[in-house]
Structure formats: structure tokens, C-alpha cells
Amino acid sequence: MIQNLEKGLTLPRQLAFLSLFGAVIMIGFVAYTLAVSIHDGGVGGMPVETISITSSDMLSESIEVSQRMETFYVTLPFSLGINVYLLMMAELIKSLALVAVFFLMAKFFHLVAKGELFTTQNSKYLKFAGNTVATIGIYYYLRGFFISYLIRDELPASGSEITGSSGYMSEFILAGMLLVLFGYIIEEGRKIYEEQKLTV
């Protein structure tokens with residue numbers, strides 16, 4: 001049974017290959033991001049939200065628009081100071097953390113394909129991956145404040161409020177919590193399995 005699982009192209013094996021492919025893609029993305037940052041002389045693709053405070057648009061005869069929010073992406077030049085260099089390093093570390101997550105998930109699915117689901121290693125892989133993904137979500141939240149701090153003196157006063165975007169903060173934190181939860185479920189399943197073996 002286990003040999004068949006290893007040889008056949010089962011769903012866990014496909015997910016393992018996809019995870020490895022994701023890790024390779026992320027490594028390429030790290031190299032690309034670093035090259036673009038050096039070429040452009042700054043950190044690009046940083047999301048910024050603008051909120052128009054004064055707006056008198058009407059959606060209908062009875063519904064008035066109180067504020068308008070738009071997201072646009074900016075390049076922060078290194079001329080703004082060392083903080084932009086720190087932001088670039090943080091972005092690279094975030095991408096490398098995602099490489100580690102994809103690699104750990106590949107190892108997890110590889111063990112599952114071998115019929116080894118309830119193992120200590122699988123629990124550790126999921127917990128570490130989950131904590132890493134949740135930390136990236138928190139980073140997105142903090143990055144929004146950091147970007148706001150960097151650009152606040154560069155923008156003219158207007159009727160709009162400029163803030164850094166938190167990006168996919170909620171999605172990353174939720175995904176991280178789910179991975180950690182599954183890690184604990186596998187750990188408890190392993191304990192129950194071992195207790196049953198001792199009972200038999």
C-alpha cells in the first residue's frame with residue numbers, strides 16, 4: 001500500500017511537486033526583486049491607500065458617498081534614507097520566508113504521500129509554516145505604518161488622507177492560524193495512535 005502511494009502520482013505527491021515549484025518561483029522572485037530595486041534605485045510596488053475625505057458623489061438619489069478609497073503602488077527611492085534600505089531587506093526576508101514555507105509544505109506532502117501523516121515531523125512542519133505565514137501577515141500590517149511614515153513628508157497637503165496599505169494581512173494571518181491548528185491536530189492524532197498501539 002505504501003509503495004503504491006510512493007510510486008503513483010497521487011494528490012499529495014502532486015502537491016509536494018507544486019510546493020517545490022512554488023519555492024523555486026519564490027527564489028526567482030527574490031532575485032528579480034533585488035535586481036529591480038538596484039536598477040530602479042528604490043523599492044517598488046509598495047501599496048498606498050488614499051482616502052478622499054471631501055466627496056459629494058451620489059450613488060443614488062438617497063445614498064451619498066462619504067469618502068472614496070483607492071489603492072495605488074509607489075516606488076520609494078533610496079534617496080529617502082536608510083529606512084528604504086531596511087524596507088528592501090524586510091521585503092527580501094519576507095520572500096525568503098515564503099520560500100521556506102513552500103519547502104516545508106513540500107516535505108509535509110512528501111511524508112503524506114508515503115503514508116506518514118501523523119508524525120512529529122509533520123506537526124513541526126505545519127506549526128513552523130503556520131507561524132511564519134502569520135508573522136508575514138503581521139509584517140504587512142506594520143509595513144503599512146512604516147510606508148506612511150516614509151511618505152508623509154513627501155506629499156503635498158490635499159483633501160485626501162494617505163496611508164500605507166496592510167495588503168493581505170488578514171488572509172495571511174488566517175492561513176497561518178489554520179496551518180498551526182492542523183499541526184496541533186496531527187500532534188494529537190499521533191498521541192492517540194501511539195496510545196492505541198500500546199493498548200493493543
Side-chain angles (χ1 to χ4, degrees), residues 1-2 5-6 8-34 37 43-49 71 73 86-148 163-198:
M1 177 68 179
I2 293 178
L5 283 173
E6 290 184 21
L9 194 59
T10 60
L11 179 60
R13 285 182 65 80
Q14 293 177 26
L15 292 174
F17 285 127
L18 285 175
S19 297
L20 279 177
F21 181 71
V24 172
I25 292 295
M26 286 306 304
I27 290 174
F29 182 75
V30 171
Y32 173 78
T33 302
L34 183 59
S37 295
V43 181
M46 294 293 101
V48 175
E49 292 179 349
T71 301
Y73 297 86
L86 294 176
L87 181 61
M88 182 187 72
M89 293 300 299
E91 285 292 304
L92 292 175
I93 291 171
K94 176 204 72 177
S95 298
L96 290 174
L98 286 174
V99 171
V101 169
F102 278 115
F103 182 71
L104 288 176
M105 294 308 296
K107 296 184 75 171
F108 167 77
F109 288 122
H110 178 68
L111 286 176
V112 172
K114 292 169 62 177
E116 302 174 9
L117 175 60
F118 295 104
T119 64
T120 304
Q121 283 301 106
N122 273 346
S123 176
K124 288 180 180 178
Y125 292 155
L126 288 182
K127 287 179 184 177
F128 186 84
N131 286 322
T132 302
V133 170
T135 301
I136 291 173
I138 296 171
Y139 163 71
Y140 277 136
Y141 179 72
L142 296 176
R143 185 185 68 178
F145 289 104
F146 192 63
I147 293 174
S148 299
T163 62
S165 172
S166 58
Y168 298 101
M169 174 196 71
S170 301
E171 291 84 349
F172 271 86
I173 292 177
L174 179 60
M177 291 172 62
L178 287 174
L179 286 173
V180 172
L181 176 62
F182 283 124
Y184 278 108
I185 290 174
I186 287 176
E187 183 179 354
E188 291 301 314
R190 179 187 60 81
K191 292 177 181 178
I192 293 172
Y193 177 71
E194 289 179 352
E195 288 175 0
Q196 288 179 342
K197 284 202 309 185
L198 290 174

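Being a predicted model, the structure only gives us computed values, none of them experimental.
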Separation of [Y] [atom2] from [X] [atom1] (nearest 0.5 Å):
X      : Y      : atom1 : atom2 : answer
Leu142 : Ser166 : CG    : OG    : 10.5 Å
Glu187 : Arg190 : CD    : CZ    : 6.0 Å
Thr10  : Lys114 : OG1   : NZ    : 12.5 Å
Phe146 : Leu86  : CZ    : CG    : 5.5 Å
Ile173 : Tyr140 : CD1   : OH    : 12.0 Å
Met26  : Phe21  : CE    : CZ    : 12.5 Å

Report, as yes or no, whether the 6.0 Å neighbourhood of atom [atom1] on [X] holds more than 12 heavy atoms from other residues, nucleotides or ligands.
X      : atom1 : value
Lys124 : NZ    : no
Phe103 : CZ    : no
Met169 : CE    : yes

If you look at every heavy atom in [X] and [Y], which pair is closest and at what distance?
X      : Y      : result
Val43  : Ser37  : CA-OG, 4.3 Å
Ile186 : Ser123 : CG2-N, 4.1 Å
Ala97  : Ile136 : CB-CD1, 4.2 Å
Ala175 : Val133 : CB-CG1, 4.1 Å
Ser19  : Met105 : OG-CB, 3.9 Å
Lys127 : Val180 : O-CG2, 3.8 Å

Query raised in the report: Just one of Thr132, Leu126, Asn131 clears the side-chain contact (heavy atoms from CB on, under 4.5 Å) bar with Phe128, so which one?
Result: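 Answer to the side-chain contact (heavy atoms from CB on, under 4.5 Å) test with Phe128 among Thr132, Leu126, Asn131: Thr132.
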Query raised in the report: Would you call Arg143 and Glu91 a side-chain contact if the rule is heavy atoms closer than 4.5 Å?
Result: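 SC-SC contact between Arg143 and Glu91 confirmed.
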Query - Minimum side-chain heavy-atom gap Phe172-Leu98 below 4.5 Å - result: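 Yes, at least one pair of side-chain atoms sits under 4.5 Å.
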Requested in this report: With side chain to side chain contact (heavy atoms under 4.5 Å, CB included) as the test, would you mind laying out the steps for Tyr125 and Leu111 before giving the verdict?
Outcome: CA-CA 11 Å; Tyr125 292 155; Leu111 286 176; 3.9 Å; yes
Query raised in the report: What's the verdict on side chain to side chain contact (heavy atoms under 4.5 Å, CB included) for Phe29 and Thr33, showing C-alpha distance, side-chain angles and the deciding distance?
Result: CA-CA 6 Å; Phe29 182 75; Thr33 302; 3.5 Å; yes
Query - Polar side-chain atom of Asn122 near backbone of Val112 as donor-acceptor pair, under 3.5 Å - result: no
Query raised in the report: Taking the inter-plane angle between the rings of Tyr141 and Phe145 on a 0 to 90° scale, is it parallel (under 30°), tilted (30 to 60°) or perpendicular (over 60°)?
Result: perpendicular
Requested in this report: Check step by step if side chain to side chain contact (heavy atoms under 4.5 Å, CB included) holds for Leu181 and Ile185.
Outcome: CA-CA 6 Å; Leu181 176 62; Ile185 290 174; 4.1 Å; yes
Requested in this report: Report yes or no: do Glu188 and Tyr184 form a side-chain donor-acceptor pair below 3.5 Å?
Outcome: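 Glu188 vs Tyr184: no donor-acceptor pair found between side chains.
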Report task. Kindly determine whether Leu87 and Met46 satisfy side chain to side chain contact (heavy atoms under 4.5 Å, CB included), including the steps that lead there. Result -> CA-CA 10 Å; Leu87 181 61; Met46 294 293 101; 3.8 Å; yes
